[in-house]
Amino acid sequence: MSEPLLVVDDLHVTFKIHGGRAVRAVDGVSFAVRAGETVGIVGESGSGKSVTALAILGLLPSRGVTTSGSILLNGQQLLGASEHDMQDVRGRRAAMVFQDPMTSLNPVLTIGRQLTETITRHLGVKRDAARDRAAELLDRVGIPEPRQRLKNYPHQLSGGMRQRVMIAIALASDPALIIADEPTTALDVTIQAQVLELLREVVRESNTALVMITHDLGVIAGICESVNVMYSGRIVESNERHHLFASPRHHYTRGLLASVPRLDGAQGRLVPIPGSPSDVIAWSEGCAFAPRCPAVSDACRGQAPELVSSPEGGTLRCVQPAPVGMPVWSGR
Amino acid sequence: MLQVRNLQVHFPIKKGLVFDRTVGAVRAVDGVDLTIPRSTTLGLVGESGCGKSTVGKAILRLVPLTAGTVTFDNLELSALQNEELRKARRHVQMIFQDPYASLNPRQNVESIITEPIRTHQLRTGAAVHQRVNELLDSVGLPRGAASRYPHEFSGGQRQRIGIARALAAEPDLIIADEPVSALDVSIQAQVINLLADLQEQLGLTYLLISHDLAVVRHISDTVAVMYLGAIVETAPAETLYTNPQHPYTLALLSAVPVPDPVVEDSRHRMVLQGDLPSPANPPSGCRFHTRCAYAQRRCEQERPVLRDLEPGHQVACHFAEEIAVSISATRGGDVVL
Ligand SMILES: Nc1ncnc2c1ncn2[C@@H]1O[C@H](COP(=O)(O)OP(=O)(O)OP(=O)(O)O)[C@@H](O)[C@H]1O
Ligand SMILES: Nc1ncnc2c1ncn2[C@@H]1O[C@H](COP(=O)(O)OP(=O)(O)OP(=O)(O)O)[C@@H](O)[C@H]1O
Ligand code: SF4
Ligand code: SF4
Ligand SMILES: [Mg+2]
Ligand SMILES: [Mg+2]
């Protein structure tokens, strides 16, 4: 197998908030992504998914944040790199697609302006050539009449079209890595299907590495080759997607699967995870999921469970995982 | 039983600063029929802007009706005025998507829940406090919650407060507009199960509005699919999901991701082209014709009416039978998964 393009190793991100309190948003996260591969990060609100993404692209606020660990993109250390270097990384090698395109598009500039600016800045071509390239990109992401659309302002486009424009801007620099943070969460299902299809196509045709952040297990099952499940700032389980769904072993992963209704009606009464995401303990005092875990015991408290590789593949952070080969659902 | 007949809600589009001229209308709801038998749940699904919330608001008379009737247990809600309307509203309560925005941050939980009890004079004196405790019990909140304020609760707990407030009026019909959409995945199931339990205990009738087709399948007896202001298909839940007949229903179902890679790898994806047209300027004939893979000339000219395919299963498509035949010929088996 080829060398991974992106290697995140023991990443920590801590925010100092007023009153001197520290929030360990990301608390020792490691994963790797190869060219042409799609890796998912799933977990509930506040688990640290977005902060992980922002850290990789150097987009964290400059004040009140401490980071440690290592982020290697093609061997280059990104953690602690200068803003100048990070701008270059974001312009040529890595791009991000956010949940809400309205917040990342400039409302007073036309789509064409925003696209051509990115293109001229990063590829150093003339304006006419940049306009041609912009129209090509809009066409590539499936926007009809691209030359006309270049003259539109963001508010003149539908939510689905705006997200396509964001993807077009991301593709403008032909990046080796795309990080998509909930790119379809704000979209209707039929539009979500279009955008997911587009992302699949980009990965296939350009051999792009894609990190897909989502809370939707269905999206994960459909697009990611491997999955990292996050809880309270740490990865608690990761595996190739078929293994993860057929044999989920961490009790949080199992809880998530048992609590979502399925379109194919393959489950009976839903089994909710008790409590709420705010019922956590610090990892230094034990497993953060302990207050909500149905299998909790004394062994789960006192210190954090280690992340260990299991002989069946994948990694797991749990002292008493479910046995191998016990799906949450018994098929359709 | 709730009966909605030919419901229309058109919002005027106005232009001009000094003289408001009406220059057109958003046909948010444009001829909707619904029937919900007592103690059952109807799931109303469809994409953003198709008019789901407007249907809910129109039933409660929170928006003016352009045409149509709404009848609940022989009471014609759409004909009531003032005091009569106020009294009738007690029987129909609403639960909203965003539990936080729908609760007054300055009222504590007791005062929030007591409000409908006092407004409709359902209890007096010590019985009011007794009733608050009962309601907290039934939505699974600790009794100590009564003296606390909305911001002290998590999203799922706030939704429980909203449900307790709705129940306080002792309604027969509850309109739940995206009741779990704003909640964390792990919390959604708690609220879904609670709604199901309450229905069983209290015999409630639900209109559940949601864009989440998996949630709707899970708790609905009947499902109605809406597109641009009209119902395109309605059927018992099991039938709708296993034997959908309208091309839009097919596309919608095939677009919902299933959390199972085996299913995801093998299913047929029908990716729809284009965007939802504007309800201010809906397409002629069948409103779905601009995105329908099976559209023919007739579809552009003639608006299909909702017709019976079999008892309880209605579809608004000129060519439903032919399409079903052609799909099962090419695919066989399960058409959606
Ligand atoms: N700028 C910031 N300052 C302080 N704390 C922050 C900041 N950004 C994020 N956090 C905290 O870091 C934690 C992780 O947040 P993050 O946004 O990564 O969650 P997430 O997994 O993306 O959740 P969601 O699914 O809601 O998007 C949260 O507790 C959040 O409150
Ligand atoms: N008060 C209003 N004035 C004018 N237009 C309105 C009004 N309320 C709703 N609309 C329009 O009516 C249409 C239907 O809106 P509605 O809120 O019912 O959709 P919905 O199906 O509930 O969508 P969502 O899933 O996004 O909640 C939309 O085009 C909306 O913009
Ligand atoms: S370590 Fe203990 S509390 Fe944590 S998931 Fe495993 S069994 Fe549950
Ligand atoms: S009537 Fe025509 S356009 Fe409408 S759904 Fe049926 S085939 Fe498609
Ligand atoms: Mg996030
Ligand atoms: Mg709505």
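We use all heavy atoms of the structure for the numbers below, so side chains are in, but hydrogens, waters and symmetry mates are not. Below, chain A is the first sequence line, B the second, and so on; all start at residue 1.
When each of A/Arg200, A/Glu197, A/Arg292 is scored by its heavy-atom pairs under 4.5 Å with chain B, the top score falls to A/Arg200. Most heavy-atom pairs under 4.5 Å with chain A: of the set B/Ala189, B/Pro257, B/Pro261, this distinction falls to B/Pro261. For the set B/Asp265, B/Val262, B/Ile187, the count of heavy-atom pairs under 4.5 angstrom toward chain A peaks at B/Asp265. Ranked by heavy-atom pairs under 4.5 Å with chain B, the first of A/Asp216, A/Leu217, A/Leu196 is A/Leu217. Contact count against chain A (heavy-atom pairs under 4.5 Å) is highest for B/Leu272 among B/Leu272, B/Ile219, B/Asp212. Contact count versus chain B (heavy atoms, under 4.5 Å) is highest, among A/Gly275, A/Pro274, A/Ala193, A/Ala246, for A/Gly275.
Taking each heavy atom of B/Ala255 and A/Thr190 in turn, the nearest pair found is CB-CA, 4.0 Å. The two residues B/Ala214 and A/Pro261 have their closest heavy-atom pair at CB-O, 3.4 Å. Residues A/Arg262 and B/Arg217 come closest through the heavy atom pair O-CD, 4.4 Å. Heavy-atom minimum distance, A/Gln194 versus B/Gln273: NE2-C, 3.8 Å. Scanning both residues, A/Leu270 and B/Asn193, for their nearest heavy atoms gives O-ND2, 2.8 Å. Closest approach of A/Ser259 and B/Ser186 over heavy atoms only: OG-CA, 3.9 Å.
Within residues 220-235 of chain A, the residues having any heavy atom less than 4.5 Å from a heavy atom of chain B are, in residue-number order, A/Ala221, A/Gly222. Within residues 143-161 of chain A, the residues having any heavy atom closer than 4.5 Å to a heavy atom of chain B are A/Ser158, A/Met161, listed by residue number.
Proximity to chain B is limited to the side chain of A/Gln192, based on heavy atoms less than 4.5 angstrom apart. In this structure, the portions of B/Ser48 lying under 4.5 Å from any heavy atom of chain A include both its backbone and its side chain.
Heavy-atom neighbours of A/His243 NE2 from other residues, nucleotides or ligands within 6.0 Å: at or below the threshold of 12. With a 6.0 Å radius and a threshold of 12 heavy atoms from other residues, nucleotides or ligands, A/Glu205 has its CD atom above the threshold.
A distance of 8.0 Å separates NE2 of A/His215 from CG of B/Asp184, quoted to the nearest 0.5 Å. Atoms CG and CZ, on B/Asp260 and A/Arg241 in that order, are 9.5 Å from each other to the nearest 0.5 Å. Going from atom CG of A/Leu187 over to atom CD of B/Glu47 covers 10.5 Å, rounded to the nearest 0.5 Å.
Checked options B/Val216, B/Val215, B/Val258; the residue passing with A/Leu263 is B/Val258 (criterion: side-chain contact (heavy atoms from CB on, under 4.5 Å)).
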